[in-house]
Amino acid sequence: MSSDSATTEAPAAAKMSLPTLTAMVVGGMVGAGVFSLPARFGVATGILGSLIAWAIAGAGMLMLAFVFQSLAIRKPELDSGVFIYAKTGFGDYAGFNSAIGFWASSIAGNTFYWVFIGATIGAFFDGFGDGDTVLAVALSTVGVWLFHYLIARGVRDAAVINRIVTIFKVLPILVFIVVLFISFDAGVFADNWVATGYGDLGNLDEQIRNTMLITTFVFIGIEGASVYSRYAKKREDVGKATVLGFLSVLSIFALVTLSSYSVVPQPELAATRQPSMVGVFESVVGDWGEVFISIAVIVSVLGAYLAWTLMAAEVMYVPARSDDMPAFLGQENRNGTPITALVVTSLGVQALLALTLFVNDALNFMLDLATSLAILPYLLAAAYALKLGLTGEAYEGVPAGVRRKETIVAGIATAYTFFLFDAAGLKFVLLMTLILAPASLLYIKARSERGRRIFSPTEIALFGAILIGAALAVFGLWSGRISL
């Protein structure tokens, strides 16, 4: 293990077991996204399209889960989270951009969570609207700093709370699935199979493409155990937790979608107010269903917010300890919490909450932005695993068949993440560069602090490409070609 990694080793008392790591994965993925699935799928496709979409997303993300598992085995010394794979494979600046992409995705996702809570409360109190009113932002602000205080008390305590919350938020979702399948309507299910009788959803390819961002968003968090690898009691538990968590969550998401199609016609699904699981359940069981699922939404989202705030702070703190971020981001408080990184993370969520007051459809904008930003660290991790397989590095003494299988898996995962960039569209790719460009000042500061060369020739080219993308984003926003 390098000296950089050694500086981030967690104390023995903070070590996490396999169930706790798995709960971090499940807790990170089962958040607001699952409660928006019925309407997001209803707008895009019917049952056939949803089955194909889940098969593609499930296969692609499973390959990514296997990538994180194989990386944990082949490179056990790389225990500093997702960004370290990009850094080791493609250089310091690539690693930095991976860390910033992951952090910014977490910030956008956490903002989405607060908007989602506001929209849920808005069904009962008009002043909260769709989660983007002044009252909703004010309540969210209180929540941001309340959670900030909780996490500042210690990462270990917050992780244990997340494990408990994960159990309580999964149970209502399972109730939703069981009740809807008991109420199965064969006629509705048959009409929803391709949903062609309800209007033009486009061809099957377009329908599937239109679901890609939501299917990716709900799986963000698959790397949760990898981010917390330095806290694992056993290194091999990181890979196990990733795959176990993924398979559990995939089953839940697919069943939520299919059960919704079994009781509500596609046009009604598409028109259901978000969080759409609330309206769907209420249509089956009556008024109590609205309250039941709304409570589940709030508990689930707060649990996911806790997990993601932990991960966002961690992904700023660890690079600072390994000289890839400015030193001030590596400061801890007496509880061992990366306090400066946590402050920056909370301030980032606060800034995006203010932005929601000026964005059209803040809920879906934050969802799509969070997804687009997350694709970058996924791509770089998959590409690094592919590089290892092709070069044979870390495969000394490993059977050729194992190396071949892991290389194919990494290749599929890499291709899948490229496909996700295409599905995200140029708008969100340019907005991503608009975040990466100014963030590069942190990289320049970190390199200057340690007296290191700022950029290599290849990194200068990458920095130039990011600047061009950012300039195009600014022009697009100014000219109105890119709308928020």
Side-chain angles (χ1 to χ4, degrees), residues 23 26-43 108-133 135-137 139-140 142-144 146-147 161-162 164-180 214 217-221 249 252-253 255-257 259-260 263-264 269 271-309 349 353 356 361-364 366-367 370:
V26 174
M29 284 192 279
V30 180
V34 63
F35 296 98
S36 66
L37 286 176
R40 284 285 296 215
F41 267 83
V43 167
N110 278 356
T111 305
F112 171 86
Y113 289 153
W114 287 119
V115 176
F116 208 72
I117 288 176
T120 303
I121 299 174
F124 303 94
F125 303 99
D126 293 340
F128 287 87
D130 290 324
D132 53 1
T133 65
L135 182 59
V137 170
L139 179 65
S140 297
V142 173
V144 167
L146 183 64
F147 272 81
I161 292 171
N162 177 74
I164 297 170
V165 169
T166 297
I167 296 171
F168 281 98
K169 70 184 180 182
V170 168
L171 287 176
I173 298 172
L174 296 179
V175 170
F176 174 92
I177 293 168
V178 171
V179 169
L180 262 62
I214 181 62
F217 178 79
V218 294
F219 284 128
I220 293 177
V249 170
I252 292 172
F253 292 162
L255 288 172
V256 165
T257 308
S259 62
S260 300
V263 294
V264 179
L269 275 183
T272 305
R273 185 183 188 277
Q274 293 289 17
S276 52
M277 268 182 67
V278 172
V280 171
F281 197 63
E282 182 185 13
S283 71
V284 174
V285 303
D287 292 342
W288 72 268
E290 180 181 27
V291 176
F292 179 74
I293 299 295
S294 294
I295 292 173
V297 167
I298 294 173
V299 172
S300 180
V301 172
L302 290 179
Y305 180 83
L306 175 62
W308 273 102
T309 304
V349 175
L353 277 173
T356 63
D361 193 4
L363 200 66
N364 283 317
M366 289 300 169
L367 184 153

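These figures come from a predicted structure and were not determined experimentally. Atom set for the values below is all heavy atoms of this structure, side chains included, hydrogens, waters and symmetry mates excluded.
Checked against side-chain contact (heavy atoms from CB on, under 4.5 Å), T133 has the following partners two or more places apart in sequence or in another chain: L135, A136. Considering only residues two or more places apart in sequence or on other chains, F147 meets the ring pair (Phe, Tyr, Trp, His ring centres under 6.0 Å) condition with Y305.
The two atoms that bring L37 and F253 nearest to each other are CD1-O, 3.8 Å, heavy atoms only. In terms of heavy atoms, F124 sits closest to S294 at CE1-OG, 3.5 Å. Contact detail for A108 and M366: the closest heavy-atom pair is O-CB, 3.8 Å. Of all heavy-atom pairs spanning S140 and L353, the tightest one is CB-CD1, 3.7 Å. Residues V115 and D130 approach most closely at CG1-O, 3.6 Å, considering heavy atoms. In terms of heavy atoms, D132 sits closest to T356 at CB-O, 3.7 Å.
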Point to revise | Worked verdict on F292 versus V175 for side-chain contact (heavy atoms from CB on, under 4.5 Å) | key: CA-CA 10 Å; F292 179 74; V175 170; 4.0 Å; yes

**Study point:** Pair F128-T120, side-chain contact (heavy atoms from CB on, under 4.5 Å): steps then yes or no
**Key:** CA-CA 9 Å; F128 287 87; T120 303; over 6 Å; no

Exercise for review: Begin from the C-alpha positions of I177 and V256 and carry the test side-chain contact (heavy atoms from CB on, under 4.5 Å) through to its verdict.
Suggested key: CA-CA 6 Å; I177 293 168; V256 165; 3.9 Å; yes

**Study point:** Test side-chain contact (heavy atoms from CB on, under 4.5 Å) applied to V301 and W114, step by step
**Key:** CA-CA 8 Å; V301 172; W114 287 119; over 6 Å; no

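Within the model, atoms CD of E290 and CD1 of I295 stand 11.0 Å from one another, a figure rounded to the nearest 0.5 Å. Between S36 atom OG and F41 atom CZ the span is 9.5 Å, to the nearest 0.5 Å.
Proximity of V280 to F176: side-chain heavy atoms (C-beta onward) are separated by under 4.5 Å at one or more points. Residues L269 and S260 are in side-chain contact: their nearest non-hydrogen atoms beyond the backbone lie under 4.5 Å apart. The closest side-chain heavy-atom distance from I121 to L139 is below 4.5 Å. Within the 4.5 Å cutoff, side-chain heavy atoms of L302 are placed close to those of I298.
Side chain of R273 to backbone of A119: a donor-acceptor contact under 3.5 angstrom is found.
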